[in-house]
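The next block holds one structure in the form of structure tokens; read it before the comments.
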Amino acid sequence: MKKILVLGASGQIGRALKKDLIEWNEVEFLSRKDLDFQKIELIETKIKKFQPDFIINAAAYTNVDGAEDSREEAFQINSFALDKLSKLADFYGIVLVHFSTDYVFDGQKNTPYLETDTPNPLSIYGKSKLEGEKFIEDNCSKFFIIRTSGVISRNEDNFISKIKKFSETQKNLSVITDQITSINYAAYVSKSTSILLKKIEDNIENERRWGTYHMSGNKSGSWFDFAIHAQKISRAIDPKSIFSETIIEPTNSKNFNQKAKRPNYSFLSSDKLKMEFGIKLPNWEESIFEVIKENGQK
Ligand SMILES: NC(=O)c1ccc[n+]([C@@H]2O[C@H](COP(=O)([O-])OP(=O)(O)OC[C@H]3O[C@@H](n4cnc5c(N)ncnc54)[C@H](OP(=O)(O)O)[C@@H]3O)[C@@H](O)[C@H]2O)c1
């Protein structure tokens, strides 16, 4: 059985991978304290020792607004570290699986973004992620770049946890209607990634399907749609909770003071993933349901 090294183990996707990769005998998980991407060169010792067949990189600088002020850090973690990591992966014959984002696109389209569409990121975060993708494409022969969007999970710093937290101090919540994307439960992304690896593990040398794949549920929505649905589920579970009783109002991104520019439309078509590997993610309603349900069980 193949060996897997997972980076970014304490993030949303990293933690979900801990559950999903349980059936693989030899998996090593590294979090920031084990390997800081500011010193990515230290990974070579770990690679030589563990000799992984796959490296899954779920580590990233993910603070979209924060990146506008921390350009250097965002580029170090999301781009330059990937230059080194992808060169090492290629040198040691390792398959590199890396996560990226819908924010590599500028939102000028109004139909689902395909892997063949030209990226044009609007934010530092998006630019740093795109640079990381390019390093992998240039340096590596065996790789998957998996672009996803709006990752959510239990008790994390994500859209659902944020609106619930805001509702503790604000009776009325204004949520954006003019940014269309999708949200995805970290466990769905992790499970689909693990299925992808299972599908190729026995025939890596003959594998030809390397490249970039979009991974999302097949339905788009606005942040307002997501918030309303989250509240609907919350009301069904606990009608008297603070979040259930909050008034959610639609607003426009112009009225919302976001430091980083975001695409108005960044919904990803996952048809290629379905066609090549038969993998299909549940849609965002199910993602929201899973997260609210899990949180409700606290
Ligand atoms: N979150 C989203 O909505 C979203 C949307 C689209 C794509 N993605 C992509 O999906 C991937 C995973 O996202 P996620 O939501 O799981 O992110 P996350 O929860 O923010 O986790 C990111 C992980 O990266 C680690 N990290 C940050 N700086 C590091 C450094 N200098 N050295 C080593 N590790 C470092 C963090 O460590 P600490 O725990 O120590 O901070 C954290 O565990 C990323 O590639 C992201 O770009 C995410």
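One is the number of the first residue; the rest follow in order along the sequence. Every number for a ligand or one of its atoms is a count from 1 in the order of the listing. What you are looking at is a predicted structure, and each value in this text was computed from that prediction instead of being measured.
- Of the protein's heavy atoms, Asp36 OD1, 2.9 Å lies nearest to atom 31 (N) of ligand 1.
- Environment of NZ in Lys232: sparse, with no more than 12 heavy atoms of neighbouring residues, nucleotides or ligands closer than 6.0 Å.
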Can you give me every donor-acceptor pair (side chain of residues 37-46, partner residue at least two apart or in another chain, under 3.5 Å) with its distance?
| from | atom 1 | to | atom 2 | distance (Å) |
| --- | --- | --- | --- | --- |
| Glu44 | OE2 | Tyr92 | OH | 2.6 |

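- Between the side chains of Ser141 and Asp90, at least one donor N or O sits under 3.5 Å from an acceptor N or O.
- Each of the following atoms of ligand 1 lies closer than 4.0 Å to a heavy atom of Ser149: 5 (C), 6 (C).
- With no hydrogens or angles considered, a side-chain donor-acceptor pair links Asn139 and Ser86 at under 3.5 Å.
- Against a heavy-atom cut-off of under 4.0 Å, Leu35 is close to the following atoms of ligand 1: 32 (N), 33 (C).
- Residue contact check: Ala58 has heavy atoms under 4.0 Å from atoms 12 (C), 22 (C), 23 (C) of ligand 1.
- For a threshold of 3.5 Å applied to N or O pairs, the pair formed by Val151 and ligand 1 contains at least one separation below that value.
- Atoms of ligand 1 found under 4.0 Å from any heavy atom of Ile77 (numbered from 1 in listed order, with element): 28 (N), 31 (N).
- Remark: ligand 1 atoms within the under-4.0 Å shell around heavy atoms of Ala59 are 23 (C), 24 (O), 34 (N).
- Counting atoms of ligand 1 from 1 in the listed order, those under 4.0 Å from a heavy atom of Phe99 are 10 (O), 11 (C), 45 (O).
- The protein atom (non-hydrogen) at minimum distance from atom 15 (O) of ligand 1 is Gln12 NE2, 3.0 Å.
- Comparing Ala60, Ser128, Ser182, Gly132 by heavy-atom distance to atom 24 (O) of ligand 1, the nearest is Ala60.
- Ser234 and Ser244 are linked by a side-chain donor-acceptor pair at a separation below 3.5 angstrom, with hydrogens and angles left out of the test.
- Ion pairing between a basic and an acidic side chain is recognised when a charged N comes within 4.0 Å of a carboxylate O; Arg147 and Asp102 show no such pairing.
- Distances shorter than 4.0 angstrom do not occur between any heavy atom of Ser153 and any atom of ligand 1.
- Ranking the protein heavy atoms by distance from atom 17 (O) of ligand 1 puts Thr62 CG2, 3.5 Å first.
- At the shortest separation from atom 5 (C) of ligand 1 among protein heavy atoms lies Gly150 N, 3.5 Å.
- Close N/O approach between Ala9 and ligand 1 is not found [any backbone or side-chain N/O within under 3.5 Å].
- Remark: minimum distance from atom 46 (C) of ligand 1 to any protein heavy atom is reached at Tyr125 OH, 3.6 Å.
- Residue Lys129 places at least one N or O, backbone or side chain, under 3.5 Å from an N or O of ligand 1.
- Annotation: Asn257, atom CG; neighbour count of heavy atoms from other residues, nucleotides and ligands within 6.0 Å does not exceed 12.
- Residue Ala186 does not touch ligand 1, judged by heavy-atom distances below 4.0 Å.
- Heavy-atom contacts from other residues, nucleotides or ligands closer than 6.0 Å to NZ of Lys274 number 12 or fewer.
- Side-chain atoms of Asn255 and Asn252 form no donor-acceptor pair, as typed in the model, at a separation below 3.5 Å.
- Of the protein's non-hydrogen atoms, Ser10 OG, 3.0 Å is the one closest to atom 39 (O) of ligand 1.
- Each of the following atoms of ligand 1 lies closer than 4.0 Å to a heavy atom of Ile13: 10 (O), 12 (C), 16 (O).
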Side chain to side chain contact (heavy atoms under 4.5 Å, CB included) between His229 and Asp225, worked out:
CA-CA 6 Å; His229 191 75; Asp225 297 331; over 6 Å; no
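- Checked for salt-bridge contact, Asp157 and Lys165 miss the test: no charged N lies under 4.0 Å from a carboxylate O.
- Given atom 36 (C) of ligand 1, the protein heavy atom at minimum distance is Arg32 NH2, 4.2 Å.
- For the pair Thr148 (side chain) and Met215 (backbone), a donor-acceptor distance under 3.5 Å is present.
- Here Ile242 is tied to no hydrophobic group at all, with no ILVMFWY side chain closer than 4.5 Å.
- In terms of protein heavy-atom proximity, atom 6 (C) of ligand 1 is nearest to Thr148 O, 3.1 Å.
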